[in-house]
Enquirer: 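Okay, handing you the structure first.
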Amino acid sequence: MSLAKASLTLILKPRYELVFLLLLSTIALTQQAAIDSTTDFYTAGVVEFRNAASVADNLAGYLEIIASPNASATDIIVFPEATLGNFNSYDFVPSPQQQVTPCLDDPEAQYYADYLVAISCAARNVSKYVAINVPEHELCTDVPEDTRPCASNGFNIYNTNVVFDRNGTVISRYRKVHLYGEPRNTTFVPESITFETDFGVTFGHMICFDIMFFTPGGEIILEQGVRDFIFPTMWFSQLPFLTAVQTQLAWAYANDANLLAAGASHPENGSTGSGIYNGRKGTISSVMALDEGQRRIYVAQVPKYPASSRRTSKRSRRAVKEQPQPRNTEGFQMKQDLVTLYETVSLESLANQATDTSLTQDVCHGQICCHFEVEWRLLDNVAENVSYYSYRLAAYDGWRNEKEMDANYLRNCGIFACTGPSIEDCGNLVHAFQPRVAFTRLLIEATYPKSREFLLAPSSVRDNLLPLEPHQFEFSLEELANQNQLQSRFELAPSLEVQNLLTFAIYGNYYDDECTFNKGTEQQDLECGFQPKDDGAASLRFSSFLLLPLLLTMLLKLH
């Protein structure tokens with residue numbers, strides 16, 4: 001096969017032929033048994049990876065992991081975001097339609113990057129699917145339909161996932177949609193955001209900040225029924241709602257989807273967090289590397305979703321492969337979420353007497369009212385010379401808009417830890433503080449408006465920055481008849497006591513907040529497809545791809 005665009009002037013790049021050949025020669029070709037796509041699980045590996053400044057060093061680490069005994073059983077290996085190539089250097093990535101195998105089609109790396117060729121060869125040698133994330137560029141002239149201004153050097157640049165099959169062929173390429181302050185482009189022509197495998201599973205793509213938005217994850221779940229995702233990330237954790245594993249589990253649970261999350265490992269910058277999640281059954285394996293960065297693969301068998309399976313909110317117990325986890329977070333740095341925008345009430349101020357051990361309280365902000373029921377016991381051996389963290393009950397109805405980032409609309413209800421009396425003291429690490437109480441009961445209830453695109457998720461995190469698992473809580477959503485609303489309920493499992501909780505919340509992500517019931521006029525609600533309240537008819541369930549004529553047709557069929 002001839003190389004795509006081979007007649008173009010080659011862009012000179014730093015060469016790593018020596019390390020490439022040495023490393024490649026150490027990878028033995030393995031014999032893999034015939035793939036049985038009828039099995040009820042596949043074996044996945046996600047890599048927590050601390051990258052260095054040297055691309056050659058990162059490549060060596062990737063190749064070592066791919067060929068390692070720990071990876072031998074895997075069908076697919078996922079590497080993190082932005083941990084291989086140079087952030088300020090870009091390379092071509094072949095289109096999947098071209099069926100390029102860089103290892104065979106460009107063995108001297110004359111057109112494609114050395115590392116792209118090397119990993120193609122590695123995937124081929126071990127006969128595994130390998131997903132990586134790279135900085136990509138593309139000539140603007142290759143997309144003549146894109147009328148946006150082109151950079152002076154003639155290139156569009158992207159944050160790109162690349163997937164190799166067992167033959168080392170590039171079978172999928174996905175360019176990040178929601179950029180986190182990155183000097184990159186978004187693609188003009190939509191890329192294919194799924195890929196099929198020989199073990200009977202179709203995967204969708206997301207990259208880091210994408211997880212906060214309906215596109216691409218929620219969109220392909222709804223429109224294509226995809227239930228398995230790869231998720232390379234360099235996540236910068238934020239308390240109280242957006243630490244890495246907390247967010248990964250919440251998304252997988254709320255969407256009832258398998259998620260393979262591979263995290264960049266730089267605790268000193270607040271970047272860590274990898275895991276393998278099995279929808280509403282919870283975590284199979286996860287890690288938050290709080291003390292120092294890692295280069296390690298985490299491997300697990302992942303149950304497949306039957307094609308005809310229905311989603312269920314029933315709790316299911318499972319053994320979680322939780323890695324040994326230090327509570328000491330002194331070397332871990334993170335950002336604070338936008339807690340100062342929330343309406344909050346101090347738990348201590350509500351407990352007027354020292355003997356109080358329970359309370360019921362409503363906290364409202366905008367159009368959302370959060371109902372809390374809390375019971376606790378004071379811990380024994382409370383010392384006067386020790387600092388303790390406290391709690392606030394919180395509600396928020398508004399935009400989450402970090403500077404120069406894509407914004408999304410939130411309707412949140414939660415309780416979170418604070419290291420002082422002010423709201424500015426909330427959403428901080430508590431490594432120098434101890435808990436004063438153990439919660440014996442926590443309940444949050446709220447009524448949420450239906451919307452065209454939204455996601456309600458149980459969100460929690462403990463002081464080791466790992467979340468509660470589904471067998472430790474109960475979460476339910478109930479559609480209110482004739483109301484165009486959902487009743488959400490999140491509570492600790494019966495008889496469970498928790499004393500190291502930093503966050504317990506219903507995270508209501510409304511994305512762009514378009515077509516949200518009761519936000520506009522009655523006419524606007526009707527145009528969005530909502531029925532008038534109390535008309536004796538069931539409210540309409542939404543799909544993002546429905547057009548207005550179809551909505552009106554469905555309305556006429558309802559009674």
Side-chain angles (χ1 to χ4, degrees), residues 46-55 57-58 61-62 65 78-88 131-135 159-161 176 178-184 206-212 230-251 259-277 283 285-298 323 325-338 400 402-406 427-429 431 459 461-467 502-503:
V46 296
V47 179
E48 175 89 4
F49 193 85
R50 182 180 182 89
N51 60 301
S54 166
V55 176
D57 181 77
N58 297 331
Y62 272 45
I65 288 172
V78 183
F79 285 90
E81 179 187 23
T83 54
L84 178 57
N86 187 314
F87 188 80
N88 295 313
I132 63 174
N133 177 270
V134 301
N159 180 336
T160 303
N161 282 350
K176 189 175 182 180
H178 298 283
L179 301 170
Y180 193 74
E182 305 159 57
R184 299 285 193 271
M206 293 189 295
I207 303 173
C208 205
F209 198 39
D210 283 339
I211 203 172
M212 297 297 295
I230 64 169
F231 182 53
T233 179
M234 181 178 278
W235 192 264
F236 298 99
S237 286
Q238 301 181 25
L239 279 171
F241 303 110
L242 294 175
T243 60
V245 170
Q246 169 190 18
T247 302
Q248 293 162 16
L249 175 59
W251 188 92
L259 182 66
L260 312 183
S265 200
H266 288 276
E268 72 280 5
N269 296 325
S271 183
T272 180
S274 300
I276 299 174
Y277 309 90
T283 304
S285 180
S286 68
V287 64
M288 288 286 286
L290 303 182
D291 47 0
E292 59 183 5
Q294 299 180 356
R295 289 188 172 186
R296 181 175 172 182
I297 186 170
Y298 294 87
Q323 307 303 322
Q325 189 69 34
R327 181 188 181 277
N328 189 345
T329 55
E330 291 186 5
F332 189 72
Q333 301 295 322
M334 67 164 60
K335 299 168 68 175
Q336 182 190 56
D337 202 359
L338 306 175
R400 185 183 184 278
E402 288 188 79
K403 187 177 181 180
E404 298 180 354
M405 316 296 181
D406 289 349
N428 298 318
L429 289 168
H431 57 261
S459 179
V461 69
R462 297 169 288 165
D463 63 6
N464 61 2
L465 297 189
L466 292 177
L502 298 186
T503 302

Enquirer: How would you list, by chain and number, every residue that makes a salt bridge (charged side-chain N to carboxylate O under 4.0 Å, His left out) with E81, sequence neighbours excluded?
Expert: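 Expected list: K176.
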Enquirer: Where is the tightest heavy-atom contact between M234 and A82, given as atom of each residue plus distance?
Expert: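 M234 and A82 have their closest heavy atoms at CE-O, 3.6 Å.
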Enquirer: Side chains of L466 and S286, heavy atoms from C-beta outward: is any pair under 4.5 Å?
Expert: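 They are in side-chain contact.
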Enquirer: Looking only at non-hydrogen atoms, find the nearest pair between P232 and I230 and report the distance.
Expert: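 Where P232 meets I230 most closely, the heavy atoms are CD-C, 3.7 Å.
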Enquirer: Any chance you could lay out the side chain to side chain contact (heavy atoms under 4.5 Å, CB included) test for Y62 and V47, step after step, and finish with the verdict?
Expert: CA-CA 9 Å; Y62 272 45; V47 179; over 6 Å; no
Enquirer: Would Q238 and F236 satisfy side chain to side chain contact (heavy atoms under 4.5 Å, CB included), going step by step from the backbone distance to the final call?
Expert: CA-CA 7 Å; Q238 301 181 25; F236 298 99; 5.8 Å; no
Enquirer: G85 and P135: which non-hydrogen atoms are nearest, and at how many Å?
Expert: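 Scanning both residues, the minimum pair turns out to be CA-CD, 4.2 Å.
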Enquirer: At their closest point, which heavy atom of G293 faces which heavy atom of S265, and how far apart are they?
Expert: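 Minimum heavy-atom separation between G293 and S265: CA-OG, 3.3 Å.
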Enquirer: Please enumerate all residues that pass ring pair (Phe, Tyr, Trp, His ring centres under 6.0 Å) together with F231, with sequence neighbours excluded.
Expert: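 Scan of F231 (ring pair (Phe, Tyr, Trp, His ring centres under 6.0 Å), adjacent residues dropped) gives none.
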Enquirer: Output all residues satisfying salt bridge (charged side-chain N to carboxylate O under 4.0 Å, His left out) with R400, sequence neighbours left out; order by chain, then residue number.
Expert: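 Salt bridge (charged side-chain N to carboxylate O under 4.0 Å, His left out) list for R400, sorted by chain: D337, E402.
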Enquirer: Could you pull out all residues at least two apart from W235 that satisfy ring pair (Phe, Tyr, Trp, His ring centres under 6.0 Å)?
Expert: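 Scan of W235 (ring pair (Phe, Tyr, Trp, His ring centres under 6.0 Å), adjacent residues dropped) gives none.
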Enquirer: Output the distance between atom CG (L290) and atom CD (E268), rounded to the nearest 0.5 Å.
Expert: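 Nearest 0.5 Å value for the CG-CD distance: 12.0 Å.
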Enquirer: Just to verify, what does S237 make a side chain to side chain donor-acceptor pair (under 3.5 Å) with, not counting sequence neighbours?
Expert: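 Residues passing side chain to side chain donor-acceptor pair (under 3.5 Å) with S237: none at all.
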Enquirer: According to side chain to side chain contact (heavy atoms under 4.5 Å, CB included), who are the partners of N58, at least two apart in sequence or on a separate chain?
Expert: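 N58 satisfies side chain to side chain contact (heavy atoms under 4.5 Å, CB included) with F49, N51, A52, L84, R295 once adjacent residues are dropped.
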Enquirer: Can you tell me how far the CG atom of N269 sits from the CZ atom of F332, to the nearest 0.5 Å?
Expert: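 Here the interatomic distance stands at 9.5 Å.
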Enquirer: What pairs with N86 under side chain to side chain donor-acceptor pair (under 3.5 Å), at least two apart in sequence or on another chain?
Expert: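 Checked N86 against side chain to side chain donor-acceptor pair (under 3.5 Å); zero matches.
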Enquirer: Show the nearest heavy-atom pair for residues M405 and G181, with the distance to one decimal.
Expert: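 Scanning both residues completely, I find the closest heavy atoms to be SD-N, 3.2 Å.
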Enquirer: Y180: what forms a ring pair (Phe, Tyr, Trp, His ring centres under 6.0 Å) with it, not counting sequence neighbours?
Expert: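 Y180: ring pair (Phe, Tyr, Trp, His ring centres under 6.0 Å) contacts with F209.
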Enquirer: Does L259 reach the side chain of I276, with side-chain heavy atoms less than 4.5 Å apart?
Expert: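 Result no, sub-4.5 Å side-chain heavy-atom pair not found.
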Enquirer: State the CE-CD distance between M288 and Q294, to the nearest 0.5 angstrom.
Expert: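 Spacing of CE (M288) from CD (Q294) equals 11.0 Å.
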Enquirer: Which atom pair, heavy atoms only, marks the closest approach of D406 to L179?
Expert: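 Shortest heavy-atom separation between D406 and L179 comes out as OD2-N, 4.4 Å.
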Enquirer: Between the main-chain N or O of A289 and the side-chain N or O of T272, is there a donor-acceptor pair closer than 3.5 Å?
Expert: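 Answer holds: yes.
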Enquirer: Side chain to side chain donor-acceptor pair (under 3.5 Å) with T233: which residues, sequence neighbours excluded?
Expert: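 Side chain to side chain donor-acceptor pair (under 3.5 Å) list for T233, sorted by chain: empty.
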Enquirer: Can you name the side chain to side chain donor-acceptor pair (under 3.5 Å) partners of T247, sequence neighbours left out?
Expert: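 In terms of side chain to side chain donor-acceptor pair (under 3.5 Å), with neighbours along the sequence ignored, T247 is linked to no residue.
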Enquirer: Any chance you could measure N464, atom CG, to H431, atom NE2, to the nearest 0.5 Å?
Expert: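 Result: 15.0 Å between the selected atoms.
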Enquirer: Within a strict 4.5 Å, meaning less than it, do heavy atoms of the V245 and Y277 side chains meet?
Expert: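 Yes; the side chains approach each other to less than 4.5 Å.
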Enquirer: Considering residues at least two apart in sequence or located in another chain, which fulfil the side chain to side chain contact (heavy atoms under 4.5 Å, CB included) criterion with S274?
Expert: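 S274: side chain to side chain contact (heavy atoms under 4.5 Å, CB included) contacts with V46, E48, V287.
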Enquirer: With the side chain counted from C-beta on, respond yes when N133 and N159 share a heavy-atom pair under 4.5 Å apart, and no when they do not.
Expert: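 Sidechains of N159 and N133: in contact.
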Enquirer: Counting distance only, does the side-chain N/O of Q246 pair as donor-acceptor with the main-chain N or O of T243 below 3.5 Å?
Expert: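 Yes, Q246 side chain to T243 backbone: donor-acceptor pair under 3.5 Å.
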Enquirer: Would you please name every residue forming a ring pair (Phe, Tyr, Trp, His ring centres under 6.0 Å) with H266, sequence neighbours left out?
Expert: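 None.
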Enquirer: In Å and rounded to the nearest 0.5 Å, what is the CZ to CD1 distance from F79 to I65?
Expert: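 Here the interatomic distance stands at 5.0 Å.
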Enquirer: Do V55 and D57 come within less than 4.5 Å of each other through their side chains, counting heavy atoms only?
Expert: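 A side-chain contact is absent here, since even the closest heavy-atom pair is not under 4.5 Å.
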Enquirer: Hey, does the side chain of T503 reach the backbone of P240 with a donor-acceptor pair shorter than 3.5 angstrom?
Expert: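 Side chain of T503 to backbone of P240: a pair is present.
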Enquirer: Just how far is it from atom CD1 of I207 to atom OG1 of T160, taken to the nearest 0.5 Å?
Expert: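 So the gap between those two atoms works out to 6.5 Å.
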